[in-house]
Peer 1: 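Handing you this structure, nothing more for now.
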Amino acid sequence: MTLRLVAGWWARRGTHLPVAAAIAVVTAATVLADGGGRPALLVPLVVLAAGVLPGAGLALGNARRQEAALLRLHGRRGARWVSALVAEPLLTAVLGGAVGVAVPLVLGAAAASTALVAAVWLVATTAVVTAMVVALRGPLTDLLRPAGAERARRTSALAALVPVVVAVGAVVGLLRRSSSAPDAWAFTAPVVVGLAAGLLAAALVRLVAGRLARRPDLGASLAGHRLALPRATTGLPVLVGSAVLLGCAANTAMAVHDWARDTSLVTSATPVVVPYDGPADQLLDATREADPDGRWLMAAIRVLEDDRPISRRVYLDTSRYERVVGDRLDGTAASDGSARVADLGDAAAATDPEPVTSGRRLTARLALDGPRPRPLRLDVLTVSPSGAGRQTVFARPTPGTPTEVSVDLTRCETGCRVTGLEVAIGVPCGADTWAQPRCQRPTLTVTDLDLGGLDLLARPWVLDEPDDRPPGEVVGAPARLRVRPSSAGTSYLTTDRSPWATPVLATESVEWPDAPEAPTTGGMARPARVLATAAALPVVGAAGTVLDLPTSVVPGTGAVARAEPLVLARADTPEDVLAQVGTPRQGSELSRAVVDAADGGAAGRFALLAAGGALLGLLAVALPAARLRRERTHERAVLRLVGVRRSDQHAAGRLQVLVMALAAGLASVGATLLVVTTLSDALPVLAAGPGQLPLDTGPRVLALLLAGTVATALAGLATWWTGHVPDRSSLPARLREEVTP
């Protein structure tokens with residue numbers, strides 16, 4: 001029994017091997033997809049396999065018609081008849097499943113769920129066995145003659161329903177191109193669109209066949225009659241669907257490659273990067289000592305505090321940017337932002353620095369109105385490299401008598417800047433007592449307010465009440481400031497710092513909660529003026545700000561804990577110059593973590609889709625080709641018997657190859673272009689990350705050519721092979737052998 005099983009399998013190996021290959025592809029895809037944590041990748045290959053495996057079962061059934069008839073003649077019926085027939089396809093399924101599991105594991109794939117792999121293998125095996133049994137059903141007389149049209153008529157209703165379902169699925173796939181669609185649907189939609197294009201191509205082939213069949217030329221008429229048969233285009237829809245999947249995967253892989261290249265360029269801005277091992281405030285001096293002319297080196301400090309765009313910033317020595325970076329970022333998403341860095345340097349050089357304290361004391365001369373003395377508090381709000389500060393003086397002046405007070409500055413040891421004033425008189429009042437007479441405040445007149453050498457009365461001051469309290473009053477005059485606090489007891493005043501606002505470049509993703517700020521390298525807050533916005537900027541990518549380094553360094557203050565001092569260098573920088581600042585590294589190392597975190601093995605995922613789709617497309621045209629070749633052998637013997645010239649037969653073969661190849665190629669290119677234009681941006685390709693550059697999934701000519709070339713070549717080769725019958729196999733004498741009892 002075993003020897004007979006193996007002998008039968010070997011005799012029909014031409015049919016069994018494609019079936020085993022189809023099951024192996026689906027099983028291997030299951031292992032790779034589930035082992036890689038992306039089971040959604042399996043769905044499009046299952047859709048393609050659904051178009052291949054039933055046809056493979058039918059082909060296997062047609063090859064075993066005589067064996068099935070003999071079993072009937074020997075009295076096998078029902079389950080005994082089926083059990084005798086399923087041994088061969090089960091052997092094929094076991095072989096395909098074993099290969100499908102072994103190959104990925106040998107290549108280093110992670111182990112997949114045994115239950116999922118077994119379930120997919122069982123479904124694929126069931127599809128093949130069921131299709132084979134269906135092909136062998138019917139009366140014994142049907143099995144003893146070649147496959148007729150009766151079965152085709154019985155399945156015509158189902159065959160008419162399939163194109164409708166596929167067309168509806170394609171329309172839905174195009175309409176649901178949102179990135180919020182499930183991963184499985186996003187990966188499957190291109191295949192469904194490709195299948196719909198393949199069905200349309202098959203219909204066009206039959207339309208062209210009808211016109212050719214009416215031509216007076218014998219070769220064209222013969223080709224038309226051949227192409228008009230439904231089985232002539234049996235594998236075309238699946239072939240086009242697989243080519244579209246291949247083209248979409250290749251297009252996306254190219255987009256990811258371009259994205260990774262641009263990310264590498266933008267993240268480092270220069271080909272060579274030197275991590276600086278020293279204080280950040282000495283970075284500028286180090287680069288200028290090593291490269292006095294500014295030809296090769298540029299200082300940079302990268303601060304990536306968290307994932308928010310507002311917390312990501314980079315400080316560049318903008319005066320050297322043009323010579324060190326130049327046009328390196330042209331053609332990337334940061335090209336426009338890179339072109340504005342020189343403007344940033346000019347704007348920073350033209351901006352006056354904000355005045356800072358030089359002394360160590362706060363001195364004020366105060367006078368209070370009203371009938372009686374009241375306690376008061378005057379706070380000058382400051383910011384310095386050591387953080388925000390509050391310089392406070394207390395007094396209880398006698399009304400009408402000027403009072404001078406003075407205190408030492410705190411948290412202002414290295415110079416600080418003024419951000420506001422706070423004036424409080426008397427006991428605070430709540431919202432339920434604001435209207436009472438005791439909550440009305442007298443006017444405080446300030447005739448001198450000196451903060452470490454800064455004359456604060458030379459600045460304009462305005463109220464900035466923090467809540468819905470009744471506002472106070474402020475009247476400014478030369479060398480005098482009159483303040484009546486609100487009935488709550490306290491009023492807040494701010495001054496205009498915009499004349500000293502630091503210019504910055506920002507990405508479009510930066511959202512300022514209040515006014516724009518430009519912290520120094522030490523973290524001291526400064527008002528900012530957004531010079532320009534761009535989609536992406538050097539080093540910070542698509543999320544963050546770029547500032548001028550020389551005007552952002554406060555000598556002696558160091559840098560924030562997250563600061564990363566870098567020296568950006570040209571590729572042609574002399575080694576002795578680099579040696580003065582540190583050990584050089586490739587600039588791409590800065591982007592490696594960014595690419596790895598966002599990519600997540602995208603190349604492997606789309607290679608799986610491309611390879612699996614291409615193999616299933618090959619099987620889709622290879623399985624029916626074997627049956628068509630047998631028919632062509634019989635047909636050619638008849639043509640030779642009736643005396644049809646060989647030139648006419650060759651002309652028919654060439655025309656048939658041309659029509660099938662063009663139909664497959666044009667349908668694949670058109671459907672691939674439609675898919676990559678409308679659906680590629682919805683594919684779950686990259687994991688979102690801070691500063692990540694946008695992924696351009698626009699059509700790539702090479703991907704379109706690849707899809708068209710593969711479809712054209714496979715369709716053309718399969719059609720050519722079906723008609724390329726050796727003379728000895730199509731001798732007219734064989735017709736007598738076929739009808740001999």
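A quick note: this is a predicted structure, and the numbers were derived from the prediction, not measured. Residue numbers run from 1 in the order of the sequence given.
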Peer 1: Does S242 use its side chain to pair, donor to acceptor, with the backbone of L48 at less than 3.5 Å?
Peer 2: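 Side chain of S242 to backbone of L48, a donor-acceptor pair under 3.5 Å: no, none is there.
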Peer 1: Quick one: do V117 and V101 satisfy side chain to side chain contact (heavy atoms under 4.5 Å, CB included)? Show the steps, please.
Peer 2: CA-CA 8 Å; V117 175; V101 172; 3.9 Å; yes
Peer 1: Applying side chain to side chain contact (heavy atoms under 4.5 Å, CB included) between V193 and each of V675, T678, T188, report the one that passes.
Peer 2: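 For V193, the side chain to side chain contact (heavy atoms under 4.5 Å, CB included) check succeeds only for V675.
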Peer 1: Is any side-chain heavy atom of L245 closer than 4.5 Å to one of L45?
Peer 2: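 Touching, per the 4.5 Å side-chain cut-off.
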Peer 1: Is the shortest side-chain heavy-atom distance between V128 and T92 below 4.5 Å?
Peer 2: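 Side-chain contact under 4.5 Å: no.
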Peer 1: With no hydrogens and no angle check, is any side-chain donor or acceptor of N251 less than 3.5 Å from a backbone partner on T697?
Peer 2: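 Yes; at least one donor-acceptor contact below 3.5 Å.
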Peer 1: Rounded to the nearest 0.5 Å, what separates atom CG in L714 from atom CG in L619?
Peer 2: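 Rounded to the nearest 0.5 Å, the CG-CG separation comes out at 10.0 Å.
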Peer 1: State, with a plain yes or no, whether a side-chain heavy atom of I23 is found less than 4.5 Å away from one of V19.
Peer 2: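 Contact flag for I23/V19 side chains = yes.
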Peer 1: Can you name the nearest heavy-atom pair linking V52 to A620, along with the distance?
Peer 2: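 Distance-wise, the nearest heavy atoms are CG2-CB, 3.9 Å.
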Peer 1: Could you pull out the closest heavy-atom pair between G194 and V244, with the gap in Å?
Peer 2: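 Closest pair (atom of G194, atom of V244, distance): CA-CG2, 3.7 Å.
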Peer 1: Ignoring hydrogens and geometry, is there a side-chain-to-backbone donor-acceptor pair from W121 to G96 under 3.5 Å?
Peer 2: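 Not at all, since once roles are kept as given, no pair shorter than 3.5 Å links the two residues.
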Peer 1: State the CG-CG distance between L207 and L227, to the nearest 0.5 angstrom.
Peer 2: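 Rounded to the nearest 0.5 Å, the CG-CG separation comes out at 12.0 Å.
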Peer 1: What is the minimum heavy-atom distance between A663 and V205, and which atoms define it?
Peer 2: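 Nearest heavy atoms, A663 then V205: CB-CG2, 3.5 Å.
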Peer 1: Identify, with sequence neighbours excluded, every residue that meets side chain to side chain contact (heavy atoms under 4.5 Å, CB included) alongside A664.
Peer 2: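 In terms of side chain to side chain contact (heavy atoms under 4.5 Å, CB included), with neighbours along the sequence ignored, A664 is linked to L236, L239, A711, A715.
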Peer 1: Using modelled atom types and a 3.5 Å cut-off, is there a donor and acceptor pairing between side-chain atoms of T126 and backbone atoms of L122?
Peer 2: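 Yes.
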Peer 1: Without swapping roles, check the side chain of T719 against the backbone of G716 for a donor-acceptor pair under 3.5 Å.
Peer 2: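 Between the backbone of G716 and the side chain of T719 there is no qualifying donor-acceptor contact (under 3.5 Å).
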